[in-house]
Structures are given as C-alpha cells and as structure tokens.
Amino acid sequence: MFMTAHRPAFVRILPFAVFIGFLLLEELLGLLGVTVTDARWLYPVKTAVVGGLLAYFWKEYDELRGAQANPIWMWLAAPLVGILVFVLWVNLDQGWLNLGGDSTGYDPRNASGAIEWPLATIRILGAALVVPLMEELFWRSFLMRWIDSKEFQSVSPLAVSLRAMLMSSLIFGVEHTLWFAGIVAGLAYAWLYRATGNLWPAI
C-alpha cells in the first residue's frame with residue numbers, strides 16, 4: 001500500500017538515488033584506498049543502470065508525454081539557455097565558487113595520451129542523454145513541484161511558486177562542486193519548465 005501510494009515519487013527518485021549511490025561508491029573506494037583497475041569504467045556501468053531504470057519506468061513519466069504545444073520561441077529558448085549555462089558553468093569556477101578545489105575532471109585518454117573512444121563515447125552519451133533526463137525528472141518535475149505540494153503531480157509546472165524554484169535551485173546548486181554555477185543552472189532550467197509547462201526544454 002505504501003509503495004502504491006508513493007510510487008509516482010519513487011520512480012522519479014530511484015534513478016537519481018542510484019546515480020548518487022555510484023558517486024558515493026567511487027568516493028568510498030578512494031577513501032578506503034581500494035584499487036580499481038580503471039575506475040572510469042564505473043561511469044558506463046552507472047549510465048547503463050540508471051538508463052535501464054529510466055527505460056523500465058518510462059511509461060510512468062506522464063510529464064514526458066502529452067505536453068502542451070509551445071510557441072516556437074519557447075523551443076528556441078532551450079538551446080540558448082543551454083549555451084548560456086555552459087558559458088557560465090566553465091567560467092564560474094574561481095576560488096570560493098568551487099567547493100571541490102581543483103579537479104582534472106574525466107579524462108578518457110590512456111597512458112600514452114590517446115583517447116579511448118569507447119569511454120569517451122559512453123561519457124558523452126551518458127552526459128547528454130541519461131543525466132539530463134534523470135536530473136530533470138527528479139529536480140524539476142518531482143522536487144520543485146513537491147515543495148509546493150506533497151501531491152506534486154497535481155501542481156501544474158506553469159503554477160510553480162517562486163519559493164519552490166528558489167529552494168530546489170539552491171539544493172541543486174550545493175549538490176555540485178561549482179555550487180554557484182549550479183544555482184544559476186537550476187534557476188534557468190526551473191524557468192524553462194515553468195515558462196513552457198513542458199519538461200523537454202529543460203532536459
């Protein structure tokens with residue numbers, strides 16, 4: 001009975017929770033000094049598991065179907081907002097704006113400096129297809145609307161409160177090492193969802 005009542009939240013939380021679980025596993029392995037032959041291959045595993053969950057629950061994501069038609073400028077706004085967020089993200093990384101210090105990031109090259117294309121390809125596909133879908137279903141469609149009402153599916157994205165936009169974007173920001181860039185990105189994606197009533201532009 002509990003699972004049935006809370007299933008709409010569960011199917012939006014679980015893929016995100018599994019993704020975070022993999023991140024924590026990577027951190028834990030590092031702290032414990034556990035040697036993994038090539039930890040970068042955890043990313044393809046993570047992508048496959050999270051992608052599989054999204055595919056399994058796909059029919060339950062009503063916000064991805066039957067969305068209202070939007071003026072063409074709304075659809076053009078999505079890539080423009082994406083470009084703006086990208087530019088800000090790579091520039092808002094100075095000092096106190098970065099909680100994690102210097103990071104080399106994900107490096108798909110092998111010891112000789114050649115790009116390992118299977119790793120690079122999976123990373124790009126995961127970052128472009130799986131992560132945006134998983135994050136927007138959790139952060140915007142679920143959490144932002146849940147802040148306004150525990151019956152979050154009854155909240156139209158067009159009517160989401162400013163409070164919910166700010167709170168969800170703040171939490172979204174501090175989840176990232178570039179916390180201020182994350183807050184800006186969260187507000188941008190929240191605005192897209194609220195302005196269009198459609199989750200796809202935010203994705």
Side-chain angles (χ1 to χ4, degrees), residues 8-9 11-16 19 47-48 50-93 97 105-106 120-149 151-176 178-203:
V11 301
R12 290 160 180 82
I13 293 170
L14 184 62
F16 178 78
F19 187 88
T47 300
V50 173
L53 286 170
L54 292 171
Y56 182 76
F57 294 132
W58 187 263
K59 64 183 182 297
E60 301 190 51
Y61 299 137
D62 296 335
E63 60 271 61
L64 300 179
R65 294 184 299 278
Q68 66 182 66
N70 297 122
I72 189 66
W73 73 266
M74 290 285 194
W75 291 102
L76 294 175
L80 293 176
V81 168
I83 291 168
L84 176 62
V85 168
F86 171 77
V87 171
L88 290 172
W89 198 279
V90 297
N91 286 286
L92 292 174
D93 63 347
L97 298 177
Y106 188 89
T121 301
I122 293 169
R123 177 72 176 196
I124 292 168
L125 290 175
L129 301 177
V130 175
V131 172
L133 187 60
M134 172 268 298
E135 286 205 326
E136 294 312 304
L137 281 167
F138 175 76
W139 288 108
R140 255 57 67 179
S141 182
F142 166 65
L143 185 64
M144 186 169 72
R145 294 192 294 165
W146 182 85
I147 290 170
D148 277 341
S149 171
E151 301 297 326
F152 71 96
Q153 288 181 299
S154 68
V155 179
S156 167
L158 298 168
V160 167
S161 69
L162 180 60
R163 168 178 162 271
M165 291 176 66
L166 292 173
M167 287 181 64
S168 60
S169 298
L170 179 63
I171 302 168
F172 177 76
V174 298
E175 181 217 11
H176 297 83
L178 299 180
W179 63 272
F180 186 70
I183 292 173
V184 172
L187 288 170
Y189 305 150
W191 172 79
L192 276 174
Y193 187 34
R194 189 176 189 272
T196 63
N198 188 333
L199 194 60
W200 283 110
I203 293 170

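With rounding to the nearest 0.5 Å, the separation of CG in Leu178 from CG in Leu92 is 8.0 Å. Atoms CD1 and CG, from Ile183 and Leu170 in turn, are 5.0 Å apart once rounded to the nearest 0.5 Å. Separation of atoms CG (Asn198) and CD1 (Ile203) is listed at 8.0 Å; rounding is to 0.5 Å. Going from atom CG of Leu129 over to atom CD1 of Ile124 covers 10.5 Å, rounded to the nearest 0.5 Å. Within the model, atoms CD1 of Ile171 and CD1 of Ile147 stand 5.0 Å from one another, a figure rounded to the nearest 0.5 Å. Here CG of Leu80 is found 9.0 Å from CG of Leu84. Values are rounded to the nearest 0.5 Å.
In this structure, Leu137 and Tyr61 have side chains that are in contact, with non-hydrogen atoms separated by less than 4.5 Å. At a threshold of 4.5 Å between non-hydrogen side-chain atoms, the residues Leu125 and Thr121 count as touching. By the 4.5 Å heavy-atom criterion applied to side chains, Leu14 and Leu53 are counted as neighbours. The side-chain heavy atoms of Leu143 and Trp146, taken from C-beta on, include a pair separated by under 4.5 Å. At least one side-chain heavy atom of Glu136 sits less than 4.5 Å from a side-chain heavy atom of Tyr189. Contact of the Asp62 side chain with the Arg65 side chain is registered, since non-hydrogen atoms from C-beta on lie closer than 4.5 Å. Between Val50 and Leu54 the shortest side-chain heavy-atom distance falls below 4.5 Å. You'll find the side chain of Trp58 reaches within 4.5 Å of the side chain of Leu64, heavy atoms only.
Side-chain contact check for Arg145 and Ser149: no donor-acceptor pair (N or O, by modelled atom type) lies under 3.5 Å.
Dense packing is recorded around CH2 of Trp179, with more than 12 heavy atoms of other residues, nucleotides or ligands lying under 6.0 Å away.
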Exercise for review: May I have the step-by-step check of side chain to side chain contact (heavy atoms under 4.5 Å, CB included) for Val130 and Phe19, ending in yes or no?
Suggested key: CA-CA 10 Å; Val130 175; Phe19 187 88; 6.0 Å; no
Exercise for review: Give the C-alpha distance, both sets of side-chain angles, the deciding distance and a yes or no for side chain to side chain contact (heavy atoms under 4.5 Å, CB included) between Tyr193 and Met165.
Suggested key: CA-CA 10 Å; Tyr193 187 34; Met165 291 176 66; over 6 Å; no
Review point. Run the side chain to side chain contact (heavy atoms under 4.5 Å, CB included) check on Met134 and Val131 step by step: do they pass?
Key: CA-CA 5 Å; Met134 172 268 298; Val131 172; 4.3 Å; yes
Exercise for review: Using the side chain to side chain contact (heavy atoms under 4.5 Å, CB included) rule, take Val184 and Trp89 through it: C-alpha gap first, then chi angles, then the decisive distance, then the call.
Suggested key: CA-CA 9 Å; Val184 172; Trp89 198 279; over 6 Å; no
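Classification of the Phe152-Phe142 ring pair by plane angle, with boundaries at 30° and 60°, yields perpendicular.
One N or O on the side chain of Asp148 and one on the backbone of Ser161 form a donor-acceptor pair closer than 3.5 Å. Panel note: side chain Ser141, backbone Phe138; no donor-acceptor pair is recorded below 3.5 Å. Of the possible polar contacts, one joining the Ser169 side chain to the Leu187 backbone as a donor-acceptor pair under 3.5 Å is found. In this structure, Arg140 contributes its side chain and Ala190 its backbone to no donor-acceptor pair below 3.5 Å.
Residues Pro132 and Ala128 come closest through the heavy atom pair CG-O, 3.4 Å. Taking both residues in full, the closest heavy atoms of Pro201 and Leu192 are given as O-CD1, 3.7 Å, listed atom of the first, atom of the second, then distance.
The pair Arg12-Glu63 meets the salt-bridge criterion, with a side-chain N (NZ, NE, NH1 or NH2) lying under 4.0 Å from an Asp/Glu carboxylate O.
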